[in-house]
Amino acid sequence: RDFMKSCVKSYLEVTGSTEKSLRHVETPFLVMPGGGDTPPDPERPGDYGELSEVACSVLMKLLYAARLARWDLLRAIGILSSRITKWTPFCDKALHRLMCYVNSSVDQTLTGYVGQGDTLDDIALHVYADADLAGDRPSYKSTAGSFAMIAGPNTEFPFAARSKNIAGTCSSTPEAEMASANMAYKAIGAPTLDLLDQICGRKVQMTMFEDNTATIQIIKTGKNPTMRHLLRHQGINIRVLHETFYPRDPITCEPLESQCHMEYVISALQRADIFTKAFRDAV
């Protein structure tokens, strides 16, 4: 809480504003229309936002806290960070809205708990992966979100979250979801399993939660003729995800026991959703 307050204080100092300018808001997002995203004209200095010189320092200090324990800020900071070199007056307003939200929510904290009675034999790894198709305008890039926690009968301890633009432009929702699932497994799932297996002295089970049924079906079958371009365009081999979550005996083709599982979850319970798009509802 003290660090979030210091972020607000630093913002007010570098902008010459007062605390009275910070109104109470429920979300950190200000809608960024296409017109507000146009790069400023170098020949017209007036096109640049007033905060273009200080925006980077404000955002990077805030990002430290966001990565550690304020994951609700990750997407908002990510949007503005991608506009540092093309800062506009609209970005000034969006940054101010973000700081208003920070000031309004200093009491919000990330909470994890380990229930009494749970042991190393009870825990599992839960990973959530989600994507937003072409949500970043005007680039039309998609955003991948990941969330991971240690789970048990009485345990829910979140420890990792990511909000990251997908490099190549995706042409469909399943393609974006596939890229997100691949990133979540390679960046969070697999490394954490290696660590947990050592700590627990056993094969810890991992469940990845996905809210797109088409993506689950593609990973389950390992085939999709309409997405043959994934390996070249996204660097994703569908067979790798298929063999990870739905392995089969190479001779008999019988299903094998896997350490990694894929489960469907409704979008309302998709914990990675807030890392992929602007949310309008505080709840």
Side-chain angles (χ1 to χ4, degrees), residues 1-40 45-111 130 132 135-139 141 143-147 158 160-165 271-283:
R1 293 183 180 90
D2 289 339
F3 187 83
M4 301 310 293
K5 291 176 182 177
S6 73
C7 289
V8 175
K9 183 179 179 181
S10 296
Y11 169 76
L12 295 176
E13 289 175 353
V14 298
T15 59
S17 304
T18 64
E19 195 166 351
K20 291 182 179 179
S21 66
L22 301 175
R23 67 188 188 282
H24 180 82
V25 296
E26 294 291 332
T27 67
F29 297 99
L30 192 65
V31 178
M32 294 193 122
D37 279 351
T38 52
D47 284 350
Y48 284 92
E50 295 180 5
L51 304 182
S52 58
E53 298 293 329
V54 300
C56 186
S57 63
V58 172
L59 289 171
M60 291 307 100
K61 180 173 183 178
L62 200 57
L63 182 61
Y64 173 78
R67 293 177 65 183
L68 184 69
R70 281 299 302 271
W71 296 348
D72 53 326
L73 302 175
L74 286 175
R75 182 61 187 135
I77 294 174
I79 292 173
L80 289 172
S81 297
S82 68
R83 290 161 174 79
I84 289 293
T85 58
K86 45 185 182 289
W87 198 264
T88 66
F90 193 88
C91 296
D92 286 344
K93 297 178 182 178
L95 178 58
H96 185 74
R97 166 77 181 218
L98 174 59
M99 298 312 298
C100 285
Y101 174 74
V102 172
N103 189 58
S104 303
S105 60
V106 290
D107 289 329
Q108 297 287 346
T109 56
L110 179 67
T111 302
D130 195 27
D132 176 43
D136 189 74
R137 304 300 174 87
S139 69
K141 291 292 179 66
T143 307
S146 309
F147 172 94
R162 296 183 80 198
S163 178
K164 192 176 189 307
N165 277 356
R271 297 176 187 237
D273 185 61
I274 66 168
F275 309 126
T276 65
K277 59 180 70 70
F279 52 88
R280 306 284 177 239
D281 190 326
V283 176

Does L51 offer a backbone N or O that forms a donor-acceptor pair with the side chain of D92 under 3.5 Å?
yes
What's the spacing between E26 CD and R280 CZ if we round to 0.5 Å?
14.0 Å
Testing the basics here: between K277 and F29, what is the closest heavy-atom pair and its distance to 0.1 Å?
O-CZ, 4.0 Å
Is there side-chain contact between T27 and R97, with at least one heavy-atom pair below 4.5 Å?
yes
So CZ of R162 and CZ of F147: to nearest 0.5 Å the spacing works out to 15.0 Å
Do M99 and V58 make a side-chain contact, defined as non-hydrogen atoms from C-beta onward lying under 4.5 Å apart?
yes
Value for CG (L73) from OG (S163), rounded to nearest 0.5 Å, stands at 11.0 Å
Show the nearest heavy-atom pair for residues A272 and T276, with the distance to one decimal.
O-CG2, 3.7 Å
Shortest non-hydrogen contact from Y101 to P28?
CD2-CB, 3.5 Å
Heavy-atom closest pair, residues L12 and L22:
CD2-CD1, 4.0 Å
Of the options V25, L80, L30, N103, which is the one that meets L98 in a side-chain contact (heavy atoms from CB on, under 4.5 Å)?
L80
K141: partners by salt bridge (Lys or Arg N to Asp or Glu O under 4.0 Å), with sequence neighbours left out
none
Tell me whether E13 at atom CD has more than 12 heavy atoms from other residues, nucleotides or ligands lying less than 6.0 Å away.
yes
Under the salt bridge (Lys or Arg N to Asp or Glu O under 4.0 Å) definition, can you give me all pairs with a residue in residues 56-72, not counting sequence neighbours?
R70-D72
Inter-residue atom distance L110.CG - W71.CH2, 0.5 Å rounding
5.0 Å
As an exercise, state the distance from CG of L95 to SG of C100, rounded to the nearest 0.5 Å.
9.5 Å
Once rounded to the nearest 0.5 Å, what's the spacing between atom CD1 of I274 and atom CZ of R75?
12.0 Å
Derivation and outcome, side-chain contact (heavy atoms from CB on, under 4.5 Å), residues M60 and I84
CA-CA 11 Å; M60 291 307 100; I84 289 293; 6.0 Å; no
For Y11 and H96, run side-chain contact (heavy atoms from CB on, under 4.5 Å): C-alpha distance rounded to whole Å, both residues' side-chain angles, the deciding distance at 0.1 Å, then the answer.
CA-CA 9 Å; Y11 169 76; H96 185 74; 3.0 Å; yes
Tightest non-hydrogen contact, residues R23 and S104, listed as O-OG, 3.6 Å
So M4 and S105, do their side chains get closer than 4.5 Å, heavy atoms only?
no
Do you know the tightest heavy-atom contact between T143 and F275?
CG2-O, 3.6 Å
Are more than 12 heavy atoms from other residues, nucleotides or ligands located less than 6.0 Å from atom OH of Y64?
no
Side-chain contact test, heavy atoms from C-beta onward, threshold under 4.5 Å: evaluate it for L63 versus S81 and give yes or no.
no
